[in-house]
Every structure is written in C-alpha cells, then in structure tokens.
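Counting from 1, the numbers follow the sequence of the chain as shown.
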Amino acid sequence: MDQIIVRGNGPLHGEIPIAGAKNACLTLMPATLLTDQPLTLTNAPRLSDIRTMTDLLRSLGAEVASLQDGQVLALSSHDLNNHTADYDIVRKMRASILVLGPMLARDGHAIVSLPGGCAIGARPVDLHLRALEAMGVELDLRDGYVHAKAPAGGLKGAVIDFPLVSVGATENALMAATLARGTTIIKNAAREPEIVDLAQCLRRMGAHIEGEGTSTITIEGVRSLGGATHPVVTDRIELGTYMLAPAICGGEVECLGGRIDLLAAFCEKLDAAGVSVTETDRGLKVSRKNGRVRAVDVVTEPFPGFPTDLQAQMMALLCTAEGTSVLEEKIFENRFMHAPELTRMGARIEVHGGHATVHGVGKLRGAPVMATDLRASVSLILAGLAAEGETIVSRVYHLDRGYEKVVRKLRGIGADIERIKEEHPDE
C-alpha cells in the first residue's frame, strides 16, 4: 500500500483548482440507464470511485468512454444486455445501489447486490427500497441481492414520504420517477447541491421536475428521455477540505470554482473560528483573520447544515484551536475513527458515542498514522501540514476514492508532501 509523507512547512499560498463533485458524478452516471441516447458529463473528477461506477455500468452493457484526460465521460446505454449488478463490483462502493431505480424505470426488472463502501456505520438501503415499493415494485431480498420487478405497465407515480432525509434514496426515487406513469411527489427529500445537479441533468434529458433544492420534489413521468450534455457541479467537500489548509497552516489560498452557497453552514463555522472567506471572480479566497483559530462547536446535519463529510477535516483544525470544541455526529454512527489517530499526533480528544470533545493544543507532532476511511485520510494529511516533524499516513487508498491529485494540489500551494510506493521484494 502507498503512503503519504507530510512535513509541517509553515503557511501556504497560491491557488487550487476544485474538481467536479464525486458524489454528483456517481449519481449522474447511472442516469445513462434511463435512455438509449448518449449522455455526456463534463468536469468529471478522476477518481477510483468513478472507475468503479464505470466498471459497473459496462458490466450492464453500457458504453463508457473517458475523454480529455478523464474530465469528460461519454456514456451510452443503447444496448443493455444485463440487469444484474454483481457483488464483486457493488461491494466496493455504496453508490452502486443507484443503478436500481433507473433499470427498473426503463426495463422493469433488476437484480442488485446489497452494497459495500466505507466502514462508517450500517448505512442501510431500506429507504431506497421503500420508495420503490411505493411505486409498485415487488422486492425479494435473498442471498445478498435485491431482486426487483416493476408492475405490468411500468412504475407508477406515488407519494413518497421519507421518515429520514436520505440523499441516495432521494436520488434513486427521483431517477425512477422520471419514467413512471403519473405524478410522483417526494416529501422530506434531500436538498443537497448534488440533488439539484441531478435534477438539472434529468431536465436536460427531457424530464419534468420541480422543487429540487427544497424538501418536496414533484416529478411528472414522461414516456422516454433523450440524451444531454451536462457539467458536473463543483465538489463542495473537496472545496471545504482545501479551504481548511490555510486555516490550519496560515497563509492565503484561493480555491478556484468555489462558491459560498455550496457550503454556507461550513463557512459560518470558519468565520466563528476566525477564518476569513471571501468570494472572488474565480472562487473563494481563504486566510486566517488574526493568529490562532478559536474553538467552535459543530453539529453535522443534512444540507444546508454542516456536512458530515467535512467533520473529520474540521476536527483536525479544531485540534489546534484556542479553547474546547464539541463535535456532534448526527448522520453516521462510528464516524470518529480518525480521533485516535489524531491523538497519536498530540491532539486531546475524548469520544463518547456521537460526541467528540476536542481540547485545542498549541502544536501537533508528526507521527505514523493510519487512515480508516476517505475523509479520515485527508484529515490526517491536514493535521500533518500543521504538525512539527514528519507525519506518515498509511492506507491512503481510501484517499483515491474522493480526491484527485491531492499531492500535486497541495504541493502547488507550498506544502511539503510526497507519496511513496510500497516496495515489494519480489518485484
């Protein structure tokens, strides 16, 4: 396994281009299954999760071409010849469940393995299945697979009232409803920018959708969808991660393509902590206001609240803040696995269930640490940027799922960081 070595190197200066959103792209790609016409996605991120979704779509008979160094994806599902999403692919990534709704909507049947992904809690798919059942789908769960069949004549419109906000379930229901007979109303829908991006893409394909970005989305089913070209929205999680680099190290960094509306709650917490965020013609410029950052309390919530996917990175910042901070994780259980690793670097953190209390220290110390999941891996890199000495981050394969060219981007603003390949004696 590769390792990343980080050496604290003082303030950071320069600019970082922000990629297209991983979570948006992973949702947009299965939309190709809704039509036999071409779908082209621009501003695509170059990540291992994108390759996994590519493999899954190809296994179903879709064509996927990666163009312009991976930043453009050309997809076509004119000849689907398989309706089984196999465990060997699905187990790698939870977003694989998003092929279920489109296949049911277009062809009326699908067999999809129950998904895998990061080890940050159970993250069940029951809300996905409940939404599809409301649209008339017959479900049979056996041998680790969901066997699903639409009623004769196809999916039918329904009122879907989610008891909990679920981004993935909203996405699956939204895609399925575009080809359903009649009207579908999704209540307590997720409001994330990725949902808005999906709705905009589907509308370009000919779908009739209203209300995306609010808690109620209305979809009038159409007989068929066509092709489209759609730019993937900016990755707000990559954006927030790189905004934290000058916050934790000092200096000033401009995040190209960034927008405050993508991260309003996060920006409010940075402001309270003593970090300046200003919009420019090219993105967001970030710097510390005056010396050491201040402690703030954080509660993760569905959009537009503070994102759970920035909790680990925010904890890295608060490890060096003046005062005591409390972070409450309300989205996923078991998502403080980075805390013991940060403690190895001199952080003072106490975890009790869904709460973590962080007592700020004057300085972190470099240490060997191990990444436990995608966001934890980058939080350790951020901590290493501000630590004295050398930090060695192992198991960085998690990083490749959500951040493209992280070493190159951080080097571009002055970080002392490198990636080393593990040597194999038999090679």
Please list all pairs passing the salt bridge (Lys or Arg N to Asp or Glu O under 4.0 Å) test where one or both residues lie in residues 141-170, with sequence neighbours left out.
Asp140-Arg142

Acceptor/donor pairs from residues 63-75 side chains to any protein atom, 3.5 angstrom cut, sequence neighbours excluded:
residue	atom	partner	partner atom	Å
Glu63	OE2	His78	NE2	3.1
Asp69	OD2	Arg46	NH1	2.7

Qualifying residues under side chain to side chain contact (heavy atoms under 4.5 Å, CB included), relative to Ala383, sequence neighbours excluded
Ala316, Leu342, Met345, Leu364

Check this for me: does any side-chain nitrogen of one of Asp373 and Arg395 sit under 4.0 Å from a carboxylate oxygen of the other?
no

Restricting to side chain to side chain contact (heavy atoms under 4.5 Å, CB included), what partner residues turn up for Asn9, sequence neighbours left out?
Asp416

In chain order, what residues pass the ring-ring contact (aromatic ring centres under 6.0 Å, His included) check against His147, with sequence neighbours excluded?
none

Carboxylate-amine/guanidinium contact Arg335 Asp309, below 4.0 Å
yes

Would you please name every residue forming a side chain to side chain donor-acceptor pair (under 3.5 Å) with Arg58, sequence neighbours left out?
none

Arg51 meets the side chain to side chain donor-acceptor pair (under 3.5 Å) criterion, sequence neighbours left out, with none

With a 4.0 Å cut-off, would you call Lys22 and Glu238 a salt bridge?
no

Please check if the number of heavy atoms outside Glu210 that lie under 6.0 Å from its CD is greater than 12.
no

Who are the side chain to side chain donor-acceptor pair (under 3.5 Å) partners of Ser166, not counting sequence neighbours?
none

Taking only residues two or more places apart in sequence or in another chain, which ones pass side chain to side chain donor-acceptor pair (under 3.5 Å) with Tyr87?
none

Report yes if some heavy atom in the side chain of Met175 is under 4.5 Å from a heavy atom in the side chain of Leu98; otherwise report no.
yes

Between Thr324 and His359, does any side-chain donor sit less than 3.5 Å from a side-chain acceptor?
yes

Ser215 side chain to Arg191 side chain, donor-acceptor N/O pair below 3.5 angstrom
no

Just grab all the salt bridge (Lys or Arg N to Asp or Glu O under 4.0 Å) pairs involving residues 197-206, residues at least two apart or on different chains.
Arg203-Glu212

By the salt bridge (Lys or Arg N to Asp or Glu O under 4.0 Å) test, which pairs, at least two apart or in different chains, include something from residues 75-85?
none

Mind checking whether His109 and His83 have parallel, tilted or perpendicular rings, split at 30° and 60°?
tilted

Heavy-atom check, side chain of Arg236 versus side chain of Leu310, under 4.5 Å
no

Can you give me every donor-acceptor pair (side chain of residues 295-306, partner residue at least two apart or in another chain, under 3.5 Å) with its distance?
residue	atom	partner	partner atom	Å
Asp297	OD1	Val326	N	2.9
Thr300	OG1	Glu329	OE2	2.9
Thr300	OG1	Lys330	N	2.9

